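In this text, all values refer to a predicted model and were calculated from it rather than measured experimentally.
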Amino acid sequence: MRFATRLLLMQLATVTAVVAVCALVFGWLGVRQLRAESESAALNIARTVAEDPDVKALVAEFSADPGTPDAAQLRTGALQQIAADVADRTDALFVVITDDHGIRLAHPTEELLGQVVSTPFAEVLEGNEVVDWEVGTLGESARAKVPVYAEDGGDPVGEVSVGFERASVFDDLPALVATIAIAAIGGLALAAAATLVLRRRFERLTLGLQPEDLVTLVQNQAAVLEGVGDGVVALDPDGVVRVCNEAAERMLGIDAPLGRRFDELALPDTVRAAVRDGASGVEAVVGDRVLYLDTRPVQRDARALGQIVVVRDRTDVEALAGRLETVRAMTEALRVQRHEFANRLHVASGLIDAERVDEARAFLGDLTERGTVDFGVAGLERVPDAFLTSLLGATAATARERGVTVRISEDTLLLSEVAAAEDVAAVLGNLVGNAVTAAVGGPRPGWVEVALLGDGDELVITVADSGGGIRPPGADPFARVAARETEASRNDTVHGHGFGLPLSRDLARRRGGDVWLIDPGGAAAGAVFGARLPGALRPADGNPEERNA
C-alpha cells in the first residue's frame with residue numbers, strides 16, 4: 001500500500017475516532033442539559049405553588065387538625081383543583097400537595113388522597129428544597145419538592161412536589177441526536193476531502209516519491225556531506241545558506257547558519273567577497289585556520305540554482321610545510337658544521353702527521369674553547385641548547401644573504417634544553433623569518449634581535465626587528481587573508497607574512513600558550529612579537545655550575 005493511501009486511511013480513522021468521541025460528549029451534555037432543564041422547571045413550578053396564599057392557608061389548616069383529612073372532601077377541595085390546574089397548564093406529570101405528616105392533600109390519583117406519600121418527605125419538612133429523580137406511584141420522574149410555610153412563618157406545614165415524566169423530559173433528544181449525527185457526517189466528509197487534496201499536493205511536491213524514497217535520499221546526502229572531510233556550503237540564488245555541514249561550520253567558525261544570508265555571517269570581508277564574486281582557489285585565514293575556498297555555480301536546465309562553496313582546511317599542510325622548512329634549515333646548518341669539522345680535522349691531522357704535536361694540541365684546545373662552529377651570531381653563546389644554536393645559526397646565515405644581521409639579546413637567560421623541538425622550531429622560525437622579511441624592507445643596516453627566557457618548562461620568546469612596523473598601522477597581523485611570498489606582495493603584507501603568524505599562534509595555543517604582538521612599531525622602530533610555549537623545555541636540575549661541571 002502506498003504511503004499516501006496509508007496516510008489517507010489513518011487520517012480518516014483518526015477523524016472518525018475524534019468525531020465519535022465528540023458526538024458522545026455532546027450527546028451526554030445534551031442529556032444532562034435536558035435533565036437540568038426539567039429539574040429547574042419542576043423546582044420553579046413547586047416554588048410558585050408553595051407561595052400561593054390559598055395553598056399556604058389550606059395546608060396550614062389541614063396541618064393544624066390532628067385528625068386524618070376526609071378523602072371525599074379532598075377530592076372536591078380547593079387544593080385538588082389548584083394542583084390539577086397547574087398540572088394541566090405546565091404539562092407536569094403530577095402536582096402533589098401534602099401536610100406536615102406527609103398525607104396527600106392533592107394528587108392526580110384521587111384514590112390516593114388522604115394517604116401518606118411513597119417518597120421521603122422528612123428533609124423537606126426541615127426547610128430544604130429537594131430536586132432529584134425518583135420512582136413513585138406514577139413511575140420515574142424528575143421531581144422537585146418545596147416546603148410550604150404558613151402566612152405567619154414558623155416551621156413548614158407541608159410540601160409541594162412537582163414532577164415531569166421521563167418521556168416528556170427527553171422529547172427533544174431525537175432531534176439533538178440527529179443534529180449531532182449530521183454534524184459528524186459533515187465533519188467526516190470534510191476530512192476525507194481535505195485528505196484527498198493533501199494527498200495530491202504531497203505527491204506533486206515530492207515528484208511522486210514516497211517518504212521511504214525521501215528518507216533514503218536524505219540519508220545518502222547526510223552520509224556524503226558528513227562523511228567527507230571538506231566543508232560544504234550550499235547557497236540559493238538569493239545568497240541564503242540552505243545546506244552547511246559540520247565541517248564547514250567548524251572551519252568557518254559559524255553557528256546555526258541555515259536560513260541566514262552568507263553576507264550576514266561573521267566572516268572576514270575577503271571571504272564574503274570571494275563567495276559573492278564566485279571566485280575559486282581563494283586562500284584565507286579564518287581565526288587560527290588556513291582555508292582554501294572553491295566556489296562553483298549550480299545550474300539546471302539553464303536555470304541558476306545557487307552556489308556550492310567547498311572549504312578545505314590547509315592548516316596542517318601549511319604547518320607541516322613550515323616544519324619541513326625548519327628541517328631544511330637545520331639540515332643546511334648540519335652540512336655547514338660537517339664541512340667545518342672536516343676542515344678542522346684536516347688541519348689537526350696535518351699537524352700530527354708533521355709531528356707538530358704541541359701545535360696540534362694547542363689547536364684542538366682552542367677549538368674546544370671556542371665551540372663547534374662559529375655561526376657569526378652575536379650573543380649566541382648565551383644559548384646553551386645545541387638545537388636552538390643550530391636553528392638560530394642556520395637562520396642567521398640565510399638572513400645574512402639578504403643583508404640582515406641576527407643577534408641574541410643580552411636579556412636572554414636560558415638554562416634548560418628544548419623538549420618540544422618541532423613546535424619551538426616552527427614558532428621561532430616563523431617569528432624570526434617574518435622579522436627578517438620586515439628588516440629587508442626597512443632602513444639599513446637591517447637587524448633582528450631574539451630574546452629567549454626559560455621559566456620552568458615554559459619558553460618565552462621575543463623577536464624585534466628594524467623594519468617599518470605593522471603596515472597599514474592598526475592592522476591585525478593575525479586576521480589577514482594570506483598573500484603569496486613574492487617580492488611584489490611582501491611590500492603589501494603585514495610584516496611580510498602569509499600564514500606564519502596564524503599557524504604559530506595556533507601551535508602555541510594548542511600547548512596552552514600564545515603568540516601576540518607586543519609593539520606594532522612604526523617609522524622609527526620595527527615591530528616586536530612575543531610567544532609563550534608551555535612544556536617546551538625540560539626543567540633544569542641543579543644550579544648552572546653543577547650542570548656545566
Side-chain angles (χ1 to χ4, degrees), residues 325-326 328-341 343-344 365-418 421 424-455 459-469 495-497 500 504 518-519 521 524-533 536-537 540 544 547-548:
E325 180 64 22
T326 303
R328 186 198 63 78
M330 291 295 297
T331 303
E332 181 65 20
L334 292 175
R335 186 189 65 78
V336 173
Q337 287 183 347
R338 184 190 64 79
H339 182 73
E340 187 166 344
F341 270 122
N343 292 337
R344 292 178 178 182
D366 181 63
L367 290 181
T368 303
E369 181 179 353
R370 289 190 295 110
T372 55
V373 178
D374 185 8
F375 287 104
V377 180
L380 190 61
E381 67 278 1
R382 300 187 183 97
V383 183
D385 185 78
F387 170 77
L388 291 177
T389 299
S390 300
L391 176 62
L392 291 172
T395 305
T398 304
R400 280 195 299 270
E401 297 177 358
R402 303 178 66 182
V404 178
T405 301
V406 178
R407 63 177 183 245
I408 306 302
S409 171
E410 296 180 357
D411 297 330
T412 294
L413 179 60
L414 187 63
L415 304 178
S416 304
E417 295 181 350
V418 172
V424 171
V427 174
L428 180 59
N430 273 319
L431 292 179
V432 175
N434 291 339
V436 170
T437 302
V440 170
R444 296 296 177 177
W447 54 266
V448 173
E449 185 173 86
V450 181
L452 302 172
L453 301 173
D455 183 10
L459 175 62
V460 180
I461 305 171
T462 60
V463 179
D465 59 69
S466 61
H495 236 52
H497 62 72
S504 298
I518 299 176
D519 186 354
V528 181
F529 283 86
R532 183 174 62 86
L533 300 175
L537 300 178
R547 185 171 60 256
N548 292 334

[atom2] on [Y] to [atom1] on [X], rounded to 0.5 Å:
{"X": "D455", "Y": "L413", "atom1": "CG", "atom2": "CG", "value": "10.0 Å"}
{"X": "L431", "Y": "T395", "atom1": "CG", "atom2": "OG1", "value": "11.0 Å"}
{"X": "T412", "Y": "E381", "atom1": "OG1", "atom2": "CD", "value": "10.0 Å"}
{"X": "L453", "Y": "T462", "atom1": "CG", "atom2": "OG1", "value": "6.5 Å"}
{"X": "L392", "Y": "L428", "atom1": "CG", "atom2": "CG", "value": "5.5 Å"}

Contact between [X] and [Y] at the side-chain level, heavy atoms closer than 4.5 Å - yes or no?
{"X": "T398", "Y": "V436", "answer": "no"}
{"X": "L452", "Y": "I461", "answer": "yes"}
{"X": "L414", "Y": "L459", "answer": "yes"}

- So which pairs with a foot in residues 430-453 pass salt bridge (Lys or Arg N to Asp or Glu O under 4.0 Å), sequence neighbours left out?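 Every pair satisfying salt bridge (Lys or Arg N to Asp or Glu O under 4.0 Å) with a residue in residues 430-453: R407-E449.
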
If you take all heavy atoms of [X] and [Y], which pair is closest and at what distance?
{"X": "P445", "Y": "S466", "value": "O-OG, 4.1 Å"}
{"X": "G379", "Y": "I408", "value": "O-CB, 3.3 Å"}
{"X": "A425", "Y": "L391", "value": "CA-CD2, 3.8 Å"}
{"X": "G454", "Y": "L537", "value": "CA-CD1, 3.7 Å"}
{"X": "A527", "Y": "F529", "value": "CB-CE1, 4.1 Å"}
{"X": "F387", "Y": "A421", "value": "CZ-O, 3.5 Å"}

- Pair V528-V463, side chain to side chain contact (heavy atoms under 4.5 Å, CB included): steps then yes or no: CA-CA 6 Å; V528 181; V463 179; over 6 Å; no

- Verify, without hydrogens or angle tests, whether D385 (side chain) and V418 (backbone) share a donor-acceptor contact under 3.5 angstrom.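 Answer holds: yes.
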
